[in-house]
Amino acid sequence: MAHTDHQTLRRVLRREIAGTIGVLTDDHDFRAMRRYRSFTFDDHTTYLRHLETVLKTRAAQGSHTTLALFDPEDYAAYCADTGLDPDASASRSRFTAHLAATGPTVPYDGRPLTDLLPQLVDEAVRQATWEYATTLLTRLGPCPTCGEDIGRAAFTRASELLVRILDTAPPGERHLVCTVSGPPDTLVSVLHGEQDGTGATRLDEAEALEFTSVLALGLATRSPGGLVIRTSAAGTADRVHGWRLRGGALEPLTASEVFDAYCTDVESGDIVPPESGVDYGAAPDLGDDGTAAAHRH
């Protein structure tokens with residue numbers, strides 16, 4: 001009887017354990033891991049199929065599982081830094097635990113991996129973009145004229161502009177895209193917002209942080225770029241307007257400029273047909289001329 005009670009208690013405790021699984025999301029990363037003899041999978045599709053079975057089994061048992069993006073290059077660097085043998089399953093487990101605390105993750109919620117893996121990759125891109133933009137903002141240092149931290153001031157200004165954009169947008173769901181052109185890289189950030197019953201806009205905190213950082217970088221470095229917002233509401237046409245990022249300020253685009261931007265293929269420059277049910281409108285003036293209290297940073 002005591003033995004049975006112990007088994008029952010252990011099963012209960014197992015359900016209390018949250019787990020993290022590192023996932024090789026594409027075939028390229030999968031092939032990179034096959035150089036280790038302790039990694040015994042031969043086929044990426046088979047690997048994902050067995051992974052999905054494990055996830056479903058854990059969910060059926062009441063266990064919570066988080067998916068983390070397993071990058072072979074980061075794994076090799078981690079093993080080199082920590083002195084671990086990369087050709088050992090215990091090392092992969094240690095690295096996965098490290099990812100759970102520091103890397104991009106998404107919870108397993110029963111959806112197919114074909115739906116969850118793109119979300120995990122998007123989360124990884126968002127985190128990398130935020131880290132990159134934050135690093136560049138930090139490197140800008142203090143203003144030689146007033147001593148104010150340029151990156152911090154730009155982030156504050158970008159936050160204020162984002163609030164103004166959301167406040168002046170029509171009611172509905174909001175989809176914003178900010179693009180800042182390099183060098184060395186072009187950064188693109190996406191932000192989604194939904195209005196609740198009181199009219200307040202709900203934003204994902206991580207998305208908002210990344211979006212504001214990218215906009216701040218464009219403002220601080222006076223890089224070319226743009227910001228577009230699309231608002232969707234039931235019973236009305238989607239409304240689109242935007243701003244040009246130039247000289248450290250957001251300049252409102254006219255309706256025709258927004259139309260041209262949306263109806264031009266970014267890569268080829270070819271004209272594409274306009275979407276039906278979309279109203280391309282002039283953007284409101286945000287009252288932003290890029291000047292600080294006494295000077296331009």
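Just so you know, these numbers come straight off a predicted model, no measurement behind them. Positions are given from 1 along the sequence.
In the hydrophobic cluster analysis, where Ile, Leu, Val, Met, Phe, Trp and Tyr join through side-chain heavy atoms closer than 4.5 angstrom, Val214 is grouped together with Leu161. Under the 4.5 Å side-chain contact rule for hydrophobic residues, Val177 and Phe259 do not share a cluster. By the criterion of side-chain heavy atoms lying less than 4.5 angstrom apart, applied directly or through intervening Ile, Leu, Val, Met, Phe, Trp or Tyr residues, Leu162 is grouped together with Leu217 in one hydrophobic cluster. Linking Ile, Leu, Val, Met, Phe, Trp and Tyr whenever their side-chain heavy atoms come within less than 4.5 Å puts Val54 and Val106 in one cluster. Linking Ile, Leu, Val, Met, Phe, Trp and Tyr whenever their side-chain heavy atoms come within less than 4.5 Å leaves Val180 and Val190 in two separate clusters.
Scanning all heavy atoms of the two residues, the minimum distance from Pro171 to Ala233 falls at O-CB, 3.7 Å. Minimum interatomic distance between Phe41 and Arg34 (heavy atoms only, all atoms of both residues): O-NE, 3.5 Å. Across every non-hydrogen atom of Thr186 and Ser181, the tightest pair is OG1-CA, 3.8 Å. Residues Thr231 and Ala169 share a closest heavy-atom pair of OG1-CB, 4.2 Å. Of all the heavy atoms in Phe211 and Ser189, the pair that sits closest is CA-OG, 3.1 Å. The two atoms that bring Tyr132 and Asp185 nearest to each other are OH-OD2, 3.5 Å, heavy atoms only.
Looking at Thr156, its side chain does come within 3.5 Å of a backbone N or O of Arg152 through a donor-acceptor pair. The backbone N or O of Leu55 lies less than 3.5 Å from no partner atom in the side chain of Arg58, so there is not a single donor-acceptor pair. In this structure, the side chain of Asp279 does not engage the main chain of Arg239 through any donor-acceptor pair within 3.5 Å. With Thr57 contributing its side chain and Thr53 its backbone, the two residues share a donor-acceptor pair below 3.5 Å. The backbone N or O of Asp85 sits less than 3.5 Å from a side-chain atom of Ser91, completing a donor-acceptor pair. Although no hydrogens or angles enter the test, the distance criterion places a donor-acceptor pair under 3.5 Å between the side chain of Glu52 and the main chain of Leu113. The closest donor-acceptor contact from the side chain of Asp29 to the backbone of Leu24 lies at 3.5 Å or more, if one exists at all.
In this structure, Leu250 and Ile165 have side chains that are in contact, with non-hydrogen atoms separated by less than 4.5 Å. Side chains of Leu215 and Leu227 form a contact here, defined as non-hydrogen atoms less than 4.5 Å apart. Looking at Pro142 and Glu148, their side chains never come closer than 4.5 Å, going by heavy atoms from C-beta outward. Using a 4.5 Å cut-off on side-chain heavy atoms (C-beta onward), Leu99 and Leu69 make no contact. Within the 4.5 Å cutoff, the side chain of Tyr108 has no heavy atoms near those of the His64 side chain. Counting only heavy atoms from C-beta outward, the side chains of Leu140 and Asp149 never approach each other to under 4.5 Å. Residues His175 and Ile229 are not in side-chain contact: their nearest non-hydrogen atoms beyond the backbone lie 4.5 Å or more apart.
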Working note: Glu123 + Gln119, criterion side chain to side chain donor-acceptor pair (under 3.5 Å); need CA distance, chi angles, decisive distance, verdict. CA-CA 6 Å; Glu123 184 64 30; Gln119 182 181 338; over 6 Å; no

What's the verdict on side-chain contact (heavy atoms from CB on, under 4.5 Å) for Val125 and Thr129, showing C-alpha distance, side-chain angles and the deciding distance? CA-CA 6 Å; Val125 171; Thr129 301; 4.0 Å; yes

side-chain contact (heavy atoms from CB on, under 4.5 Å) assessment of Thr65 paired with Ile21: CA-CA 7 Å; Thr65 310; Ile21 296 179; 3.9 Å; yes

Please assess Trp130 against Thr212 for the test side-chain contact (heavy atoms from CB on, under 4.5 Å), listing each intermediate value before the final yes or no. CA-CA 9 Å; Trp130 171 72; Thr212 307; over 6 Å; no

Val240 and Val278: side-chain contact (heavy atoms from CB on, under 4.5 Å), yes or no, with the steps? CA-CA 7 Å; Val240 178; Val278 176; 3.7 Å; yes

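Side-chain contact annotation: Asp238 with Ser232, donor-acceptor N/O pair under 3.5 Å present.
A distance of 6.0 Å separates CG of Leu176 from CG of Leu166, quoted to the nearest 0.5 Å. Rounding to the nearest 0.5 Å gives a distance of 4.0 Å between NE2 of His44 and CG of Leu48. A distance of 9.0 Å separates OG1 in Thr82 from NE2 in His98, rounded to the nearest 0.5 Å. If you take CG on Asp26 and CG on Leu117, they are separated by 9.5 Å, rounding to the nearest 0.5 Å. For the atom pair CD (Glu251) and CG (Asp285), the distance works out to 10.0 Å, reported to the nearest 0.5 Å. Here Asp74 contributes atom CG and Cys79 contributes atom SG; the two are 11.0 Å apart, rounded to the nearest 0.5 Å.
Taking the salt bridge (charged side-chain N to carboxylate O under 4.0 Å, His left out) definition, one finds that Asp27 meets it with Arg31, sequence neighbours left out.
Counting heavy atoms of neighbouring residues, nucleotides and ligands inside a 6.0 Å radius, atom CZ of Arg164 exceeds 12 of them. Enclosure of atom CZ in Arg37 is not indicated, since only 12 or fewer non-hydrogen atoms of other residues, nucleotides or ligands lie within 6.0 angstrom. With a 6.0 Å radius and a threshold of 12 heavy atoms from other residues, nucleotides or ligands, Arg139 has its CZ atom at or below the threshold.
Note: Phe70 and Tyr75 have tilted aromatic rings, judged against thresholds of 30 and 60 degrees for the angle between ring planes. Between Tyr78 and Phe95, the angle of the ring planes lies from 30° to 60°, which puts this pair in the tilted group.
Phe30 and Tyr47 have their aromatic ring centers within a separation under 6.0 angstrom.
With respect to Glu257 and Arg244, a salt bridge is recorded, a charged nitrogen being found less than 4.0 Å from a carboxylate O.
Tested against Leu191, the residues Glu207, Glu210, Arg174 include a single side chain to side chain contact (heavy atoms under 4.5 Å, CB included) partner, Glu207.
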